[in-house]
Amino acid sequence: MSLENDNRRDEQRRVDEVIDEINKKVDSLYSKSAGLKENVIELRKTFWDDVTVNLDEPDDVIETQASIKQQAELLSEIERSHGKLGEQLKTLMKLKDSPYFGRVDFVEDGGNETDRIYIGISSLMDRNDENFLIYDWRAPISSLYYDYPPGKAVFKTTEAEITGEITLKRQFIIKQGIMEGMFDTGVTIVDQLLQQALGNNASTTMRSIVATIQKEQNKIIRNERSNLLIVQGVAGSGKTSAALQRIAYLMYRYREDLNTEDIVLFSPNPLFTSYISNVLPELGEANVRQTTFLHYLEAGIGSSFSVESPFEQMEYVLTETNREDYGIRLKAIDYKSGLAFKDLIDEFVSNLKKSSLEFKNISFRKEILFSKQQISDYFYALDKDLAIPNKMQLVSEWLLKELRRVQKREEDKDWVMEQVELLDKEAYLKAYHKSVKQDDLNDFASNMELEEEFLRKEVVKRVFSKIKKRVKRFEFVHLSETFYKLFTEWKPQNAPELWKEICTLTVKNLSNNNLLWEDATPYIYFKGRLFGDDADRSVRHLLIDEAQDYSAFQFAYIKHIFPYTKLTLLGDINQSIYTYATKENPLISVDTESSYEKITLTKSYRSTKEIVDFTTYFAPGKELIEAFNREGRIPRLERLTDKEALVTAIVENMMELREEGHETIALICKTLEESEILYKLLQNKIAVKQVNEETYSFEKGLLVLPVYLAKGIEFDAVIIPDASKEQYFMESDRTIFYTACTRAMHALVMLTISEPSPFILEAPLNTYDRKE
């Protein structure tokens, strides 16, 4: 006991010394920062004092521009330096609260000295910048902490592989500079540290897990070799957290040539994007580009269609079962989500090389300059062996050349002078200066003629620039009408079952400018086949969360549009809530030609052991699910008499859960329709917030939301308001019910008025409490 106390005193003494060093660095940075701030303020005040302004002669203008540029660059450089100091100060303040969380004592083979390696969220050097007081968790040497128990160990640097022996592995809990816990441990993070991290209430933002990264998670984070990294992780296994740490690691590892624009993260919905927005800044990195696949597609499709969201599609599948065309729609979703439909589009595009492409007239002032037939004739007169995008480019160049002739012709027409009168003062001034420079005799009448000529050209140039931009964007092609023909005129060789009915349904929606979710990716793929894909070569890494909810067609398109990008796919096949999700999904089946690595996370850290044990019995897949040893109360099923009793039970359970200390309680419904009904029943009885597709921030309190918007998020407690047989009965409901239950961290309550869902009954009676 005495030795343990001595060790703790020594470690606290070191913490104090490190914090003292941090304070000195903070004071030094504050002084530098204050000086730079004063420089910025002074330079902004005197910016024009040091700039030579002379516009009399062309040489003077050039000199003036150079002077302004030089002064602006100086100001920008000082502001950048001030910003860097600010970031350093933020990092130091974080370290001051909790300097580090781990220590590894390492003896390199062939050496006698023991290196004490302290690991935190950022590196810290001593006052002479000679030795590391703290190593960044992403540094190569820090992998010793995550990957090895005491004993033989190895880590890789950029130059070599270092072997040796770990003689001590220690973990700390430090808050506000005080050592609250200290544990000597093996390869895995000890239960005490994880228990403390996981036993807290749910946060409105995802928390960093660098202190509790597990060995398998570390493999995800530090993987550099795989072009395709697939992570199959059970609910609550920390796959999203590991993905974000992976981004932070890559930004650290390749900080010289990787920036935030080079990495893209596709998240499931805007609420989730908000939920994870704090993780990277907490680690001292700026957020990378984060978007949803829906928003990515909408940007490429443009305003010609209203695009159905995946959540609207889901709502249709779950609530519109009585519609006459319901079966056809399900068949269409299934077919259009697969690779067979991609092949069918490719076949259709090949046919368009011969005929059937639709074009638009190019008109100006109610006069057709180039008819759609003229454009079509020119297109199909080009070499038949040329790819369609190349032919489109040639047509565009031809039209632009012809438009320049038309533009020249229009300059002398009467309408131009009417527009000249509407020009702004700047255009007149520009025309005046040009006319004066070109007329050496300074003849007034001649100047006026030149001025009018310049103004006419300016008017026509402005008008035709809009037409030219549209031509450059290939807007002379009637894209939607051509796509429409796929379902109206073309007869495919390998048409699927019910193709005629699928076409009728598709045409109905296209005619109303509605693009169903199952048509969104095919449409933008089709657009790329005609105009040429804007392959995004700038993206070095693309991470896709909830990857199990992507269709085979969507994955094929992503691979097509990001040909040189390293992909990280994260998901859980047990949570495939969309009807097409299990077909040809990379989490299950991967193209054998691809260079890929698959990492499986089997341990669930989010929920208590009791919740994990209960949900494992009706989990959809066959994947191993291990519960982390954090105990809580067993899930509860309550059988009620009527809707009024249901509302009372929700309110009572919510009050009970609050008294137990739970701050974020989610009423998770199967559909948005159900959540809206429930919200109306509760809003006058208790403070409840409704979450829908337009919700962009996660707040604490009592929330009511559909299950598909709860994906990836965790709550202190979950109440399922209708866990009945009528609501969750079909086999396709299994993933939905499992997903809803596994959002709970500490408590799960299921309510039902009628017979409970058969999925609940698959679990032994001793795994949940049944209350009649």
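What you see is a predicted model, and the numbers here were worked out from it, not measured in a lab.
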J.: Any salt bridge linking Lys566 with Glu224? Criterion: basic side-chain nitrogen under 4.0 Å from a carboxylate oxygen.
T.: no
J.: Looking only at heavy atoms, which two atoms of Thr292 and Pro270 are closest? And how far apart?
T.: CG2-N, 4.0 Å
J.: Could you please spell out the steps behind the side chain to side chain donor-acceptor pair (under 3.5 Å) verdict for Glu693 and Asn269?
T.: CA-CA 8 Å; Glu693 205 176 334; Asn269 55 62; over 6 Å; no
J.: Hey, could you give me the CZ/CD1 distance between Arg323 and Ile328, rounded to the nearest 0.5 Å?
T.: 12.5 Å
J.: Can you find a side-chain donor-acceptor pair between Arg540 and Thr565 that sits under 3.5 Å?
T.: no
J.: Work out which heavy atom in Asn218 is nearest to a heavy atom in Ile213; give both atom names and the distance.
T.: N-CG2, 3.7 Å
J.: Could you measure the distance from the OG atom of Ser538 to the CD atom of Glu261? Nearest 0.5 Å is fine.
T.: 7.5 Å
J.: Checking the side chain of Glu308 only, and the main-chain atoms of Leu515 only, is there a donor and an acceptor separated by less than 3.5 Å?
T.: no
J.: For Tyr617, is the OH atom crowded, meaning more than 12 foreign heavy atoms sit under 6.0 Å from it?
T.: no
J.: Using distance alone, with no hydrogens and no angle criterion, decide if Gln548 and Ser576 have a side-chain donor and acceptor under 3.5 Å apart.
T.: no
J.: Taking it one step at a time, do Tyr728 and Asp722 satisfy side chain to side chain contact (heavy atoms under 4.5 Å, CB included)?
T.: CA-CA 9 Å; Tyr728 300 99; Asp722 186 359; 5.6 Å; no
J.: Is it true that a side-chain atom of Ser604 and a backbone atom of Ala235 form a donor plus acceptor pair closer than 3.5 Å?
T.: yes
J.: Are any non-hydrogen side-chain atoms of Leu271 and Ile713 less than 4.5 angstrom apart?
T.: yes
J.: Check the pair Tyr557 / Phe293 against side chain to side chain contact (heavy atoms under 4.5 Å, CB included), numbers first and verdict last.
T.: CA-CA 11 Å; Tyr557 174 71; Phe293 189 53; 4.3 Å; yes
J.: Could you check whether Gln575 and Glu546, counting side-chain N and O atoms only, form a donor-acceptor pair closer than 3.5 Å?
T.: no
J.: When you look at NZ of Lys689, are more than 12 heavy atoms from neighbouring residues, nucleotides or ligands closer to it than 6.0 Å?
T.: yes
J.: If I compare all heavy atoms of Lys527 with all of Gly300, which pair ends up nearest, and what's the gap?
T.: NZ-O, 2.7 Å
J.: Any sub-3.5 Å donor-acceptor pair from Thr615's side-chain atoms to Ile611's backbone N or O?
T.: yes
J.: Where do Tyr525 and Ile561 land on the side chain to side chain contact (heavy atoms under 4.5 Å, CB included) test, with the steps shown first?
T.: CA-CA 9 Å; Tyr525 172 72; Ile561 207 72; over 6 Å; no
J.: Can you tell whether the side chains of Glu714 and Arg743 come within less than 4.0 Å, N to carboxylate O?
T.: no
J.: Quick one: sort the Trp499 and Tyr335 rings into parallel, tilted or perpendicular, breaks at 30° and 60°.
T.: perpendicular
J.: Answer whether the closest heavy-atom distance between the side chains of Phe379 and Leu394 falls below 4.5 Å.
T.: no
J.: Are Glu358 and Lys372 close enough, and set up right, to give a salt bridge (Lys or Arg N to Asp or Glu O under 4.0 Å), and what steps lead you there?
T.: CA-CA 8 Å; Glu358 285 292 322; Lys372 57 185 178 182; 5.0 Å; no
J.: Quick one: CG on Leu352 to CG on Leu357, what's the gap to the nearest 0.5 Å?
T.: 4.5 Å
J.: Cut-off 3.5 Å, side chains only: do Gln232 and Thr600 have a donor facing an acceptor?
T.: no
J.: Counting neighbours of CZ on Phe729 that are heavy atoms of other residues, nucleotides or ligands and sit closer than 6.0 Å, is the number greater than 12?
T.: no
J.: I'd like to know if the side chain of Ser306 reaches the main chain of Asn514, judged simply by a donor and an acceptor atom lying under 3.5 Å from each other, with no hydrogens or angles considered.
T.: no
J.: What I'd like to find out is whether the side chain of Ile220 reaches to under 4.5 Å of the side chain of Leu229, using heavy atoms alone.
T.: yes
J.: Sub-3.5 Å donor-acceptor pair from the side chain of Glu315 to the main-chain atoms of Glu673, do we have one?
T.: yes
J.: Taking 4.0 angstrom as the limit, do Glu347 and Lys342 come out as a salt bridge?
T.: no
J.: Are the side chain of Glu312 and the backbone of Ser309 linked by a donor-acceptor contact shorter than 3.5 Å?
T.: yes
J.: Side-chain contact, heavy-atom cut-off 4.5 Å: Ile333 with Val317?
T.: yes
J.: To the nearest 0.5 Å, what is the distance between CD on Gln290 and CZ on Phe272?
T.: 9.0 Å
J.: Considering non-hydrogen atoms only, spot the tightest contact between Phe553 and Lys336 and give its length.
T.: CD1-O, 3.5 Å
J.: Salt bridge check: are Arg138 and Glu285 linked by an N-O gap of less than 4.0 Å?
T.: yes
J.: Would Asp549 and Lys711 pass as an ion pair if we require N to O under 4.0 Å?
T.: yes
J.: Test Arg329 against every option in Glu518, Glu501, Glu320 by the side-chain hydrogen bond (donor to acceptor under 3.5 Å, both in side chains) rule and name the one that passes.
T.: Glu518
J.: Could you report the tightest heavy-atom contact between Lys603 and Phe628, atom names first, then the distance?
T.: CG-N, 4.2 Å
J.: Looking only at non-hydrogen atoms, find the nearest pair between Asp545 and Tyr550 and report the distance.
T.: O-CE1, 4.0 Å
J.: Begin with the C-alpha distance, continue with both residues' side-chain angles, and end with the deciding distance and a verdict on side chain to side chain contact (heavy atoms under 4.5 Å, CB included) for Glu676 and Thr671.
T.: CA-CA 9 Å; Glu676 286 174 342; Thr671 66; over 6 Å; no
J.: Could you tell me whether the side chain of Tyr679 and the main chain of Val704 form a donor-acceptor pair under 3.5 Å?
T.: no
J.: I need the Leu601 CG to Leu624 CG distance, nearest 0.5 Å.
T.: 11.5 Å
J.: Please examine the side chains of Phe476 and Ser396, heavy atoms only from C-beta on, and report whether any two atoms are closer than 4.5 Å.
T.: yes
J.: Using side-chain heavy atoms (C-beta onward) and a distance below 4.5 Å, is Leu542 in contact with Thr568?
T.: no
J.: Taking the side chain as C-beta and beyond, is there a heavy-atom pair between Leu705 and Asn692 under 4.5 Å?
T.: no
J.: Any salt bridge linking Lys360 with Glu475? Criterion: basic side-chain nitrogen under 4.0 Å from a carboxylate oxygen.
T.: no
J.: Counting distance only, does the side-chain N/O of Arg255 pair as donor-acceptor with the main-chain N or O of Tyr252 below 3.5 Å?
T.: yes
J.: Quick one: CG on Asp733 to CD on Glu726, what's the gap to the nearest 0.5 Å?
T.: 11.5 Å
J.: Tell me if a side-chain donor or acceptor on Gln217 pairs with a main-chain N or O of Gln214 at a distance below 3.5 Å.
T.: yes
J.: Parallel, tilted or perpendicular for Tyr738 and Phe618, by the 30°/60° rule?
T.: perpendicular
J.: Could you tell me if the side chain of Phe737 sits less than 4.5 Å from the side chain of Val707, heavy atoms only?
T.: no
J.: Using modelled atom types only, decide if a donor and an acceptor are shared between the side chain of Gln554 and the backbone of Ser551 within a distance under 3.5 Å.
T.: yes
